[in-house]
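What follows is one structure encoded as structure tokens, with my remarks underneath.
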Amino acid sequence: MQIMAENIIKTKSFSFALRIVKLQQFLIFEKKEFVLSKQLLRSGTSIGAMVRESEHAESKLDFIHKLAIAQKEANESDYWLELLFQSQYLSEDQYQSLNMDIIEINKLLASIIISTKNNLKK
């Protein structure tokens with residue numbers, strides 16, 4: 001029986017999406033904020049969706065493309081989080097915790113994209 005290694009980006013992007021879903025519920029019910037939280041919900045959950053899509057990419061170039069879209073969604077999520085923090089919908093602790101996650105996800109995505117591109121050149 002072969003044991004597969006954990007797919008860290010898959011796990012982290014799913015956990016982030018779950019946190020974003022819970023954050024949106026908090027923002028709607030506690031803060032009565034509906035517009036920015038919906039934008040964050042879309043981008044924050046799209047990261048993991050694109051990572052999942054990349055698992056069934058048709059080629060290495062398609063794989064890179066799907067992860068590049070995930071990276072764009074992560075950057076957009078970072079924007080919405082900062083805007084929610086600066087507009088005082090998020091506490092500094094909430095923001096810092098989520099920001100650390102998105103920085104880590106961005107680093108992982110960049111690393112995977114770079115190593116895949118380098119492997120294509122070989």
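No experiment lies behind these values; they were computed from the predicted model shown.
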Does some side-chain heavy atom of Phe16 sit less than 4.5 Å from a side-chain heavy atom of Leu98? yes
Quick test of your reading: applying ring pair (Phe, Tyr, Trp, His ring centres under 6.0 Å), list the pairs with at least one residue in residues 35-63, sequence neighbours left out, ordered by first then second residue. none
Distance, nearest 0.5 Å, that separates CG of Asn7 from OG of Ser13: 7.5 Å
Do Ile64 and Leu120 have side-chain heavy atoms sitting under 4.5 Å apart? yes
Distance from Glu73 atom CD to Thr45 atom OG1, nearest 0.5 Å? 8.5 Å
Who else is in the cluster with Phe29 when I, L, V, M, F, W and Y are joined by side-chain contacts under 4.5 Å? Ile28, Phe34
Give me the other members of the hydrophobic cluster that Ile114 sits in, counting Ile, Leu, Val, Met, Phe, Trp and Tyr linked by side-chain heavy atoms under 4.5 Å, directly or via other members. none
Contacts of Lys60 that satisfy salt bridge (Lys or Arg N to Asp or Glu O under 4.0 Å) - sequence neighbours left out: none
All side-chain hydrogen bond (donor to acceptor under 3.5 Å, both in side chains) counterparts of Asn99, not counting sequence neighbours: none
Give every residue pair that meets the salt bridge (charged side-chain N to carboxylate O under 4.0 Å, His left out) criterion with at least one member in residues 74-84, sequence neighbours excluded. none
Could you tell me the separation between the CG atom of Leu84 and the CG atom of Leu27, rounded to the nearest 0.5 Å? 5.5 Å
Let me confirm one number: the CG-CG distance from Leu81 to Leu90, rounded to the nearest 0.5 Å. 6.5 Å
Show me the pairs that pass ring pair (Phe, Tyr, Trp, His ring centres under 6.0 Å) and involve residues 68-104, at least two apart or across chains. Phe85-Tyr95
Mind running side-chain contact (heavy atoms from CB on, under 4.5 Å) on Ile20 and Ile47 for me, showing each step along the way? CA-CA 11 Å; Ile20 293 301; Ile47 302 164; over 6 Å; no
Should Val51 and Leu109 be marked as a side-chain contact (heavy atoms from CB on, under 4.5 Å) after you check the CA-CA gap, both sets of side-chain angles, and the distance that decides it? CA-CA 9 Å; Val51 168; Leu109 288 168; 4.2 Å; yes
For Ser111, enumerate each residue passing the side-chain hydrogen bond (donor to acceptor under 3.5 Å, both in side chains) test, keeping only those at least two apart in sequence or located in another chain. none
Measuring from Lys10:NZ to Leu108:CG, what's the distance to the nearest 0.5 Å? 15.0 Å
Which pairs, with at least one residue in residues 35-45 and sequence neighbours excluded, count as a salt bridge (charged side-chain N to carboxylate O under 4.0 Å, His left out)? none
Leu40 and Gln24, any side-chain heavy atoms less than 4.5 Å apart: no
Verify the cluster assignment for Ile102 and Phe26: are they in a single hydrophobic cluster under the rule of side-chain heavy atoms below 4.5 Å apart? yes
Is the number of heavy atoms from other residues, nucleotides or ligands under 6.0 Å of Glu92 CD greater than 12? no
Please check this pair: side chain of Ser115 against backbone of Ile112, looking for a donor-acceptor N/O pair closer than 3.5 Å. yes
Can you tell me which residue pairs pass the salt bridge (charged side-chain N to carboxylate O under 4.0 Å, His left out) test with a partner in residues 23-33, sequence neighbours excluded? none
Who passes side-chain hydrogen bond (donor to acceptor under 3.5 Å, both in side chains) against Gln96, sequence neighbours left out? none
Applying salt bridge (charged side-chain N to carboxylate O under 4.0 Å, His left out), which residue pairs with at least one partner in residues 11-20 are found, sequence neighbours left out? Lys12-Glu104, Arg19-Asp101
